[in-house]
Amino acid sequence: MNVPLLDLHPQTAALRDDILRAVTEVVDSTAYILGPKVMQLEQDVAAYCGAGFGIGVSSGTDALLMTLMALEIGPGDRVLTTPYSFFATVGAILRVGALPVFADVAEATFNIDPDKMAELLADDAKNGKTIKAIIPVHLFGQCADMGKIMALAQTYGIPVIEDAAQAIGSEYPMQEKNGSTVWRNAGAMGLVGCYSFFPSKNLGCLGDGGMVVTSDKAFAETLRCYRNHGAQPKYYHAKIGGNFRLDPIQAAVLSVKLPHLEQWHKQRQKNSRIYCELFAQAGLTDNPVILPKAVHAASPDAAAHNHHIYNQFVIRAPRREELRKHLQEKGVGCEIYYPVCLHKQDCMKKYGSNELSMPIAEQLAQDSLALPIFPELRREQQEYVVEVIAEFYRA
């Protein structure tokens, strides 16, 4: 049996006519830069995520970069983030000349550990150092521990840029001052949230695309200025921005897909439950395979909320490289996210971060492996995946 890591054909086939109709509308309109399709998507995504404003941009990477530029973070500034993520997170920091500062991750979520953040921020305060921004990443579709992160940010007066590239629609239970619990969307808890619409995301376009959301009206206007070369009004440049505009054809495609997103989330969550059931039946759960944990699942009213939207279903497994080879030989798609931590990348040597020790992130880089989880995945395909893994460990 062949089980691809991701198969976009069923989704594309189901929506093909609507997508082509929407693209044709853009072609016929001749509104090829921003325009009504982008404006509509901005409003719809902001509303979906519980934010006041959306700013469509050219990619999730540019969403991060533009936000850092708009905050005037530059050479010598320090930005606190995770060592375990896609390179875009740290790449955006480096491109503005700032220095990434790393706190290790929490083993249960793969996301930045707020307790490690607290230690680092306290040490910095004693030594007269300043963190200019915090970028938590909601990795694989599950929110970081934003209650603790936002509390730290407020204590130290630091803006939070949520890297929600993999987590649009994921939710987190925030505790209000009156003791009630309010579920907030990934990207709508910090100053801004940054999304990617790369084709493999739960909400993906036909190429590159992204979005920044915020509920700060003044900052939204600043972001719009930076998106268009810093011009405000046209041809008058008080700031140096860039060409970070979202293509209206991609916006049209995303508008077709957005109404289906919640159902796709539910199907991915169903597939995750099937995996857990199958791994348990095979006697593999927690020994030797460790399954992803939806750590907010026990929170009040969690059953009605997206505490994990499974952009990736990532297990931890001993002899990971051998297992990956075995899966591939048996026709099962799988991927390593991510084999080298950010602080260990070659380009980081000159910043001295290669010498840092981030033991949890480094261990995850050694034993994590993503399995197929896309919405149209069939149960028999999942049964085959688990059967192949069981075969490997029983050999």
Side-chain angles (χ1 to χ4, degrees), residues 55 57-104 112 116-117 119-137 149 152-163 165 190-194 196 210 212 214 216 218-232 236-245 340-358 361:
I55 301 92
V57 294
S58 40
S59 69
T61 303
D62 286 340
L64 292 167
L65 176 63
M66 186 179 77
T67 299
L68 290 168
M69 293 171 66
L71 286 170
E72 299 185 355
I73 292 173
D77 291 335
R78 292 155 51 84
V79 178
L80 176 57
T81 193
T82 170
Y84 191 68
S85 177
F86 180 58
F87 186 77
T89 309
V90 72
I93 297 169
L94 294 169
R95 284 174 66 189
V96 296
L99 178 68
V101 177
F102 298 105
D104 206 354
I112 192 167
K116 296 291 195 304
M117 292 172 60
E119 294 173 6
L120 189 149
L121 289 165
D123 287 343
D124 273 13
K126 289 178 183 177
N127 296 318
K129 297 180 180 179
T130 302
I131 296 292
K132 286 295 188 74
I134 297 171
I135 306 182
V137 178
I149 291 172
L152 286 169
Q154 290 164 10
T155 297
Y156 290 95
I158 305 171
V160 173
I161 303 166
E162 295 179 68
D163 184 340
L191 172 64
V192 300
C194 298
S196 168
V212 182
T214 183
D216 186 318
F219 196 62
E221 287 303 310
T222 299
L223 289 166
R224 293 186 195 282
C225 177
Y226 273 86
R227 174 177 66 179
N228 194 30
H229 296 285
Q232 197 173 35
Y236 292 83
H237 302 264
K239 306 290 184 182
I240 302 172
N243 180 357
F244 301 130
R245 300 182 296 253
V340 181
C341 293
L342 296 177
H343 66 292
K344 295 294 187 182
Q345 295 289 342
D346 283 348
C347 67
M348 297 300 297
K349 287 180 180 178
K350 64 181 178 181
Y351 302 101
S353 68
N354 282 184
E355 307 305 316
L356 294 175
S357 175
M358 301 282 156

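Numbers here are sequence positions counted from 1. As a basis for the values below, the full set of heavy atoms in this structure was taken, side chains included, without hydrogen atoms, waters or symmetry mates.
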CD1 on I73 to CG on L65, rounded to 0.5 Å
11.0 Å

CD/E162 to CD1/I134 distance, rounded to the nearest 0.5 angstrom?
11.5 Å

Pairwise side-chain contact, P136 with V160, heavy-atom cut-off 4.5 Å (strictly under):
yes

Mind jotting down which residue pairs meet the salt bridge (charged side-chain N to carboxylate O under 4.0 Å, His left out) criterion with at least one end in residues 84-96? Sequence neighbours excluded, please.
none

Tightest non-hydrogen contact, residues A361 and C341, listed as O-SG, 3.3 Å

Using the test side-chain contact (heavy atoms from CB on, under 4.5 Å), find all partners of T67 that sit at least two apart in sequence or belong to another chain.
L71, I161, V192, C194, V212, F219, L223

Applied to residues 73-85, the salt bridge (charged side-chain N to carboxylate O under 4.0 Å, His left out) test, sequence neighbours excluded, yields D77-K132, R78-D124

Which residue pairs satisfy the salt bridge (charged side-chain N to carboxylate O under 4.0 Å, His left out) criterion with at least one member in residues 62-74, sequence neighbours excluded?
E72-K239

So, taking the atom named NE2 in H229 and the one named CD1 in I240, what distance separates them when rounded to the nearest 0.5 Å?
12.0 Å

Restricting to side chain to side chain donor-acceptor pair (under 3.5 Å), what partner residues turn up for Y84, sequence neighbours left out?
S368

Could you check whether any side-chain heavy atom of T82 comes within less than 4.5 Å of a side-chain heavy atom of F102, counting everything from C-beta outward?
no

Nearest 0.5 Å please: distance from the OG atom of S357 over to the CG atom of D104.
7.5 Å

Would L342 and T81 count as a side chain to side chain contact (heavy atoms under 4.5 Å, CB included) here? Give the steps.
CA-CA 10 Å; L342 296 177; T81 193; 5.5 Å; no

Mind checking what makes salt bridge (Lys or Arg N to Asp or Glu O under 4.0 Å) contact with R224, not counting sequence neighbours?
E42, E221

Listed pairs under 3.5 Å, donor-acceptor, residues 346-355 side chains, sequence neighbours left out:
from : atom 1 : to   : atom 2 : distance (Å)
S353 : OG     : H343 : O      : 3.0
N354 : ND2    : H343 : O      : 2.7
N354 : ND2    : Q345 : O      : 3.2

Taking salt bridge (Lys or Arg N to Asp or Glu O under 4.0 Å) as the definition, give me every residue that meets it alongside K129, ordered by chain and number, with sequence neighbours left out.
none

Restricting to salt bridge (Lys or Arg N to Asp or Glu O under 4.0 Å), what partner residues turn up for D123, sequence neighbours left out?
none

For S85, enumerate each residue passing the side chain to side chain donor-acceptor pair (under 3.5 Å) test, keeping only those at least two apart in sequence or located in another chain.
T89

Here the gap from K116 atom NZ to L80 atom CG, rounded to the nearest 0.5 Å, amounts to 13.0 Å

Minimal non-hydrogen separation, F244 against Y226, with atom names
CD1-O, 3.5 Å

Would you confirm whether N228, through its side chain, and R245, through its main-chain N or O, come within 3.5 Å as a donor-acceptor pair?
no

In chain order, what residues pass the side-chain contact (heavy atoms from CB on, under 4.5 Å) check against Y156, with sequence neighbours excluded?
L121, A122, A125, L152, I158

Output for pair (I93 CD1, I135 CD1), nearest 0.5 Å, gives 4.0 Å

Those residues that, when tested against A220, pass side-chain contact (heavy atoms from CB on, under 4.5 Å) (two or more places apart)
F53, I55, T214

